[in-house]
Amino acid sequence: MPNIVLKAGSRPPWVGLAAAVWVLIAAGNGYNFPLYSPSLKSVLGLNQQQITILGVANDIGENVGLLPGIACNKFPPWALLSVGVVFCFLGYGVLWLTVTQNVIGLPYWLQEVRDGLVPKLHSSLLLQIWVALVVATNSTTWFGTAVIVTNMRNFPLSRGTVSGILKGYAGIAAAVYTVIYKLVLKDSDSELLLILTLGIPILCLAMMYFIRPCSPASGEDSSEHVHFIFSQVASVSLALYLLITTIISGVVSLSDTVSYILVLIMVIILMSPLAIPVKMTLFPAEHKRHVPPSDSSDHLVPKEGESTPTDSLLTPSSSGTNLGSFYENEDALDADMLLAVGEGAVKKRRRPRRGEDFKIREALIKADFWLLWVVNFLGVGAGVTVLNNLAQVGVAFGLEDTTLLLTLFSFCNFVGRIGSGAISEHFVRLKMIPRTLWMTFALMVMVMTFILFAFALNGILYAAIPLLGICYGVLYSIMVPTVSELFGLKHFGLIYSFMGLGNPIGALLFSGTLAGYVYDAEAAKQSSSSCVGPDCFKVTFLVLAGVCGLGTILSIILTVRIRPVYELLYSGGSFRLPQTSGH
């Protein structure tokens, strides 16, 4: 990684966190697919399986982040944000041109759309729209990787809390877009795509300067805990406000003036995290101890052979002496190798242990890595299937307007993300409980939720969608600190991005193949392009219940396996500090 000048001082990490809120709202652009997909379906003459294939493209672009994962260790955050800006502009620009149908000088295939010559979609046109959607939503991975990796390194001692806050804002982004869509854009799909094409790039360019590596916050200052609580309260306030606003706008007809005022209040709440660095400027705290400059985030990604402060964070403490047998198998060497090392012919290079810094190739040979990957693949893949088909699920259950469902899912997704981050951080410090235990609970609830979906009881959507949103949020939020704790921060961006591949693969198998096929088969029985009734998704929901059941079993196995790791990392009541009498 090139030498990057760090921003020193206690304020810059909090300025970066406040800016990250806006970037993560922008990174939630992939959640808008259910809002504008009906226009794509109408303009292009798609059937449900084809629109589901486009939904898979949405998930692939949104989650395949290997390139930004590699780039985050080689380039500064502004470079990653710049790539995301370009992708967002190009991808959504093509989708906007497709939906509006009235731009002069279009490519041949877009002229066909404009002139109404696509009664039946050509495979080449579907492929080009598919690629445009992948490019558009892939901006999410560049935006998200830039801010999440940077903030995890700026706050290395509060990973669960920071993950919950950042992932929470990413989850509530769908509700932010829904409020703008309903109150400002008046349900205009073309104007929504125009905002995604121009508005998001402008926003990210404005925030680019503030997202930068900083000297990590010490974690020992009591004011930091207060600042995190304020950030969590601000995000919860935003989520409640968005939920109430969406419900009111659905029940009462609002004037343009009132609508704009409500959106302005939303913007002010989004700006509230800036109050922390403002307060730190106006009322600077006196620091009792000096944090050595070596404890900075540039050393979290050092050159080969250099030692890092992360090493000291992840080096087993003296409490690890009671766990001598924990690594016994991993340290076993052949007799010939031992002899060669003893004679000085070979220099022994110890493989990293769980909790230390792994390279991607070292992580790929670990059973815990693949257990975590499969658990994430099964749970998130099942959840995204419902999210991609949320509009069709609502219609099948007799709802005409599904924007309230999207807002409910977004709000509960947020609750799961920020709640699991705070709760898992509390229990991992207090009881050394692995964070994956909360993934287990989430998967168990998802099993029951999909069974409720399958039975299609009256009003079940308003109970099942919130439950599913919470569980989906838990899986997303818990994954971030778990990866960093098991495999380190040094190559966190790439390893976490590889974990994210479970989402598009799950979407392809469960949504693109299973749900789309079952829906179209039931629609054919009704001699219609749209399916109505509980049978439209019944088989899909039962299969997803079984998938989450398997995920529950594997998550239990993973939790048992990594319990000793958490006992080692948090034996002193803190990730880094030994327990004191005052703790």
Side chains of [X] and [Y]: does their closest heavy-atom pair fall under 4.5 Å?
| X | Y | answer |
| --- | --- | --- |
| H491 | E362 | no |
| F358 | K366 | yes |
| I276 | S231 | yes |
| M479 | R435 | no |
| L81 | V23 | yes |
| W22 | M271 | yes |
| V149 | Y496 | no |

Can you check whether [Y]'s main-chain N or O pairs, donor with acceptor, with [X]'s side chain at less than 3.5 Å?
| X | Y | result |
| --- | --- | --- |
| R153 | K490 | yes |
| S484 | P481 | yes |
| N138 | V64 | yes |
| T145 | G69 | no |
| S272 | I268 | no |
| N154 | C214 | yes |
| S420 | R417 | yes |
| S139 | V85 | no |
| Y472 | A382 | no |
| D189 | V99 | no |

Nearest 0.5 Å, please: how far is CG in L371 from OG1 in T436?
10.0 Å
Using ring centroids (six-membered ring only for Trp), state whether [Y] and [X] fall under 6.0 Å.
| X | Y | value |
| --- | --- | --- |
| F155 | W14 | yes |
| F498 | F369 | yes |
| F409 | Y31 | no |
| F33 | Y36 | yes |

Given V176, L183, I261, the one that forms side-chain contact (heavy atoms from CB on, under 4.5 Å) with M266
V176
If only side-chain N and O atoms count, and only distance matters, is there a donor-acceptor pair under 3.5 Å linking Y476 with N503?
yes
Looking at W78, I'd like to know if its CH2 atom is crowded, meaning that more than 12 non-hydrogen atoms belonging to other residues, nucleotides or ligands lie closer than 6.0 Å.
no
Given the rule in the side chain to side chain donor-acceptor pair (under 3.5 Å) test, do N32 and Y181 qualify, once you have shown the distances and angles that lead to the verdict?
CA-CA 10 Å; N32 288 294; Y181 178 75; over 6 Å; no
Please name the pair of heavy atoms, one in W438 and one in F427, separated by the smallest distance, quoted to 0.1 Å.
CZ2-CD1, 3.6 Å
So, for I269 and A234, which heavy atoms are closest and what is the spacing to 0.1 Å?
CG2-O, 3.9 Å
